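In what follows, a structure is listed as structure tokens, so that the remarks can point back to it.
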Amino acid sequence: QAAIRELRYVPSQVARSLKSNSTRTLGMLIPNSSNPYFAEIVRVVEDRCFAAGYTLVLCNTDDLPQRQGVYLQVLAQRRIDGLIVVSTGSDEALARQLHGLKMPTVLLDREIDDPECDLVETAHMQGALLAVRHLLSLGHRRVACIGGPVGVASSEQRVQGWRMALAESGTAPSSQDEALLWRGGFTSQGGYEAMHAILRTDSPNPTAVFVCNDLMAIGALRAAHEGGLRVPDDISIIGFDDIELAAYTSPPLTTVAQPKAHIGALAVDMLLERVGGRRREPRKVMLQPELRVRASTGRAAAGEAKAPAR
């Protein structure tokens with residue numbers, strides 16, 4: 001003990017793991033550390049890990065599949081006990097990489113076709129239905145959508161929910177009317193550029209826009225203000241995620257809330273079940289979103305509330 005104090009010796013956890021077959025370390029991959037949605041979930045995951053006696057190694061893939069593959073190999077070399085992944089890129093490629101690692105894995109927010117992994121996510125399509133039905137209930141009939149990247153499961157499911165809600169109301173856009181669907185890359189800049197593009201089109205402007213995440217919705221709010229539109233008097237805007245900043249925009253953003261605290265805590269608990277050998281069969285959990293009505297949505301102008309001519 002005296003020598004330990006004098007030399008300031010620190011045991012090697014990697015060396016210990018060779019005997020115990022456990023490093024008490026978990027890994028987590030997220031696509032974008034600057035997105036507050038992921039930051040809020042990471043905070044919950046980290047707190048849950050710490051309380052359970054585990055440390056967390058966090059890797060930001062920056063939405064680059066190649067970087068994701070490198071990080072997966074790095075985490076495997078560190079002999080982590082389990083992994084939480086928000087996927088980036090091809091489902092097939094990621095599934096192949098995860099099979100090669102042979103470690104307990106929980107997929108979060110974005111599902112892939114892998115029967116071996118646990119999954120925790122929100123019902124994205126149902127959330128989009130809540131958002132667009134809310135706009136329709138306010139009399140809006142020309143509702144645009146700013147979606148996320150093409151091929152990202154959560155984005156595609158939200159866009160599909162937008163289409164379903166419009167189809168229910170008989171206001172689905174025609175194949176010729178592509179001016180109602182835009183893409184924004186899940187960033188505030190993407191939402192800003194997409195909203196400006198919407199306002200520049202020759203088609204009649206929408207009276208409401210469903211934006212597939214809050215960061216893009218914040219960008220869309222700025223673009224609307226720059227375009228001389230009052231929100232919600234001239235145009236209503238609704239987001240998705242309910243990040244903390246959503247309540248502090250001007251006006252405060254109506255959005256679809258994902259249960260972020262529940263998502264993060266459940267992901268860690270499910271992973272530790274597999275790590276501890278208390279469960280072998282994969283488990284899929286679908287959580288329900290909720291509508292948070294604030295001041296960025298309002299009734300359509302009287303001339304817009306009637307159904308379009310058919």
Side-chain angles (χ1 to χ4, degrees), residues 29-43 58 60-64 67 86-89 108-110 122 124 127-128 131-132 135 143-159 161-162 179-201 205-206 208-232 234-258 260 263 289 291-297:
L29 269 64
I30 60 172
N32 186 347
S33 59
S34 64
N35 187 332
Y37 168 71
F38 294 122
E40 290 173 28
I41 287 183
V42 167
R43 177 63 182 272
L58 180 66
N60 171 40
T61 66
D62 204 22
D63 278 314
L64 297 173
R67 188 165 173 170
V86 184
S87 67
T88 294
L108 190 153
D109 189 65
R110 302 177 182 180
T122 304
H124 300 291
V132 181
L135 296 174
V143 180
C145 175
I146 300 177
V150 175
V152 174
S154 56
S155 172
E156 297 303 329
Q157 289 165 9
R158 293 172 196 181
V159 171
W162 165 73
L180 288 179
L181 176 59
W182 298 81
R183 299 284 179 171
F186 279 159
T187 65
S188 52
Q189 181 68 25
Y192 173 81
E193 293 174 355
M195 177 60 85
H196 268 305
I198 288 172
L199 299 180
R200 287 195 303 266
T201 60
N205 283 343
V209 183
F210 166 52
V211 190
C212 286
N213 85 340
D214 287 347
L215 266 188
M216 292 194 299
I218 290 171
L221 280 171
R222 178 182 169 184
H225 289 310
E226 290 181 356
L229 298 179
R230 297 167 300 164
V231 179
D234 299 321
I235 191 168
S236 288
I237 296 175
I238 188 169
F240 200 112
D241 287 339
D242 195 27
I243 60 176
E244 186 177 351
L245 292 173
Y248 298 95
T249 59
S250 180
L253 183 66
T254 298
T255 186
V256 175
Q258 298 204 61
K260 296 181 291 294
I263 290 172
L291 184 66
R292 296 275 190 271
V293 178
R294 299 192 180 104
S296 69
T297 53

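Hydrogens, waters and symmetry mates are skipped; everything else that's a heavy atom, side chains included, is used. It should be emphasised that the depicted structure is a prediction, and the values quoted were computed from it without experimental measurement.
A distance of 9.5 Å separates CG in Asn35 from OG in Ser188, rounded to the nearest 0.5 Å. Rounded to the nearest 0.5 Å, atoms CZ (Arg67) and CG (Leu29) are 10.0 Å apart. The CG atom of Asp109 sits 6.5 Å away from the CD1 atom of Ile263 when rounded to the nearest 0.5 Å. Here the CZ atom belonging to Phe210 is positioned 11.0 Å from the CG atom belonging to Leu181, to the nearest 0.5 angstrom.
Each salt bridge (charged side-chain N to carboxylate O under 4.0 Å, His left out) pair with one or both residues in residues 209-220, not counting sequence neighbours, would appear here, but there are none.
Residues satisfying the side-chain contact (heavy atoms from CB on, under 4.5 Å) criterion with Pro251, sequence neighbours excluded, are Leu221, His225, Val231, Ala295, Ser296. Judged as a side-chain contact (heavy atoms from CB on, under 4.5 Å), and not counting sequence neighbours, the contacts of Ala217 are Val211, Ile237, Leu253. Listed by chain and number, the residues in a side-chain contact (heavy atoms from CB on, under 4.5 Å) with Ala39 amount to none (sequence neighbours excluded). Taking Ala144 as the reference, Leu180, Ile198, Pro206, Val209 meet the side-chain contact (heavy atoms from CB on, under 4.5 Å) condition, with sequence neighbours excluded.
Salt bridge Arg222/Glu193: absent, no basic N to carboxylate O contact under 4.0 Å.
Listed for the Arg183 side chain is a donor-acceptor partner under 3.5 Å among the backbone atoms of Gly148. For the pair Arg110 (side chain) and Ser87 (backbone), a donor-acceptor distance under 3.5 Å is present. A donor-acceptor pair under 3.5 Å is formed between the side chain of Trp162 and the backbone N or O of Val143.
In this structure, Ile235 and Ala224 approach most closely via the heavy-atom pair CG2-CB, 4.4 Å. Taking each heavy atom of Ala128 and Arg158 in turn, the nearest pair found is CB-O, 3.1 Å. Closest approach of Phe186 and Ser154 over heavy atoms only: CE1-OG, 4.1 Å. Shown here for Ser236 and Leu135, the closest heavy-atom pair between the two residues is CB-CD2, 4.1 Å. Closest non-hydrogen pair, Pro31 versus Thr61, comes out as CA-OG1, 3.3 Å. Of all heavy-atom pairs between Val256 and Pro289, the closest is CG1-CB, 3.5 Å.
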Exercise. Is there a side-chain contact (heavy atoms from CB on, under 4.5 Å) between Thr88 and Leu64 once you walk through the steps?
Worked result: CA-CA 7 Å; Thr88 294; Leu64 297 173; 5.5 Å; no
For this session: Would you check, one step at a time, whether the test side-chain contact (heavy atoms from CB on, under 4.5 Å) holds for Gln189 with Leu215?
Result: CA-CA 8 Å; Gln189 181 68 25; Leu215 266 188; over 6 Å; no
For this session: Kindly determine whether Asn213 and Tyr37 satisfy side-chain contact (heavy atoms from CB on, under 4.5 Å), including the steps that lead there.
Result: CA-CA 9 Å; Asn213 85 340; Tyr37 168 71; over 6 Å; no
Problem set entry | Stepwise side-chain contact (heavy atoms from CB on, under 4.5 Å) check, Met195 with Glu226 | CA-CA 10 Å; Met195 177 60 85; Glu226 290 181 356; over 6 Å; no
Would you be so kind as to tabulate the donor-acceptor pairs closer than 3.5 Å made by side chains of residues 238-248, with sequence neighbours excluded?
unit_1 : atom_1 : unit_2 : atom_2 : d
Asp241 : OD1    : Gln258 : NE2    : 2.7
Asp242 : OD1    : Arg294 : NH1    : 3.2
Asp242 : OD1    : Arg294 : NH2    : 3.0

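Using a 4.5 Å heavy-atom cutoff, the side chains of Asp63 and Val152 are not in contact. At least one side-chain heavy atom of Val42 sits less than 4.5 Å from a side-chain heavy atom of Leu58.
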